Colleague: 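The structure is given below, and queries will be raised subsequently.
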Amino acid sequence: PALSMENARKGSIVSRANSIGSTSASSVPNTDDEDSDYHQEPYKESYKDRRRRAHTQAEQKRRDAIKKGYDDLQAIVPTCEQQDFFIGSQKLSKAIVLQKTIDYIQFLHKEKKKQEEEVSTLRKDVMALKIMKVNYEQIVKAHQDNPNEGKDQVSDEVKFNVFRGIMDSLFQSFNTSISVTNFQELSACVFSWIEEHCKPQTLRDIVIGVLYQLKSPLY
């Protein structure tokens, strides 16, 4: 009986110990799960940080590129360097920089068109001078081949009067149209005067008028 009682007491102690151990184990957190979460959470945060940092860098790069573009425009466009009176020393806004750039581009287009027109006019002048050169060369050659042709048919006085009448008529338009302040103005005006007042029809009318005035001396 004593042995049985001792065994029963030991069994009760073991049972209570197991119960306490089970309760203690259930109250202890799962350290394996915690270790897993502990390792995964920093990885997620690090990935987000990297994305955030990459986005910030890309945005900053874009802003720097835009700023450099506006700075380049201000350096290239001359009107951007001239501060308007109402702006004073303040920095030009992006809207003003863009507007001044547009205005400057339009100005360049107009200047380009003007230069193209001037080049076209100069080409016409060169062509006219080449034609005149060829005609004068032919006249000189014809005179050299037949130096006595037409001699004594018309007096030198009549020739001079015809020439003077033509030149007097041309000089009137020349004097009112040509500026002789300097060579640049003279060269710029003379070609336009030639095109306007030395057209074949105009010269023909002048010659006919002079001859009509001198018809009495000729006959």
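Only a predicted model underlies this, so the values are computations on that prediction, with no experimental measurement involved.
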Colleague: Please examine the side chains of Cys80 and Leu73, heavy atoms only from C-beta on, and report whether any two atoms are closer than 4.5 Å.
Modeller: no
Colleague: Any side-chain to backbone donor/acceptor pair from Thr56 onto Arg52? Under 3.5 Å, distance only.
Modeller: yes
Colleague: Applying side-chain hydrogen bond (donor to acceptor under 3.5 Å, both in side chains) as the test, list every pair that has at least one member in residues 104-114; sequence neighbours left out.
Modeller: Lys112-Glu116
Colleague: If two hydrophobic side chains count as joined below 4.5 Å and joins carry through other members, does Tyr70 share a cluster with Ile102?
Modeller: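 No; Ile102 is not reachable from Tyr70 via cluster members.
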Colleague: Any donor and acceptor pair, going by atom type alone, linking the side chain of Asn175 with main-chain N or O of Phe171 inside 3.5 Å?
Modeller: no
Colleague: What's the spacing between Gln144 CD and Lys141 NZ if we round to 0.5 Å?
Modeller: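 Between Gln144 CD and Lys141 NZ, I get 8.5 Å after rounding to 0.5 Å.
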Colleague: Can you list every pair that meets side-chain hydrogen bond (donor to acceptor under 3.5 Å, both in side chains) and has a residue in residues 189-199, with sequence neighbours left out?
Modeller: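 Checked against side-chain hydrogen bond (donor to acceptor under 3.5 Å, both in side chains) - neighbours excluded - the pairs reaching residues 189-199 are Ser173-Trp193.
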Colleague: What I'd like to find out is whether the side chain of Thr202 reaches to under 4.5 Å of the side chain of Asp205, using heavy atoms alone.
Modeller: no
Colleague: Could you walk me through whether Lys68 and Asp64 pass the salt bridge (Lys or Arg N to Asp or Glu O under 4.0 Å) test, one step at a time?
Modeller: CA-CA 6 Å; Lys68 184 178 183 302; Asp64 292 341; over 6 Å; no
Colleague: Which is it for Lys67 and Asp71 under the salt bridge (Lys or Arg N to Asp or Glu O under 4.0 Å) test, yes or no, and what are the steps along the way?
Modeller: CA-CA 6 Å; Lys67 181 179 181 302; Asp71 291 341; 3.0 Å; yes
Colleague: Report the C-alpha distance between Asp168 and Gln172 in whole Å, list the side-chain angles of each, state the deciding distance to 0.1 Å, and finish with yes or no for side chain to side chain donor-acceptor pair (under 3.5 Å).
Modeller: CA-CA 6 Å; Asp168 287 344; Gln172 292 178 3; over 6 Å; no
Colleague: Could you please spell out the steps behind the salt bridge (Lys or Arg N to Asp or Glu O under 4.0 Å) verdict for Lys133 and Glu137?
Modeller: CA-CA 6 Å; Lys133 178 176 178 291; Glu137 288 175 349; 2.6 Å; yes
Colleague: For the atom pair CD1 (Ile194) and CG (Leu170), what is the distance rounded to the nearest 0.5 Å?
Modeller: 10.5 Å
Colleague: How many angstroms lie between CG in Asp103 and CG in Leu98, if you round to the nearest 0.5 Å?
Modeller: 11.0 Å
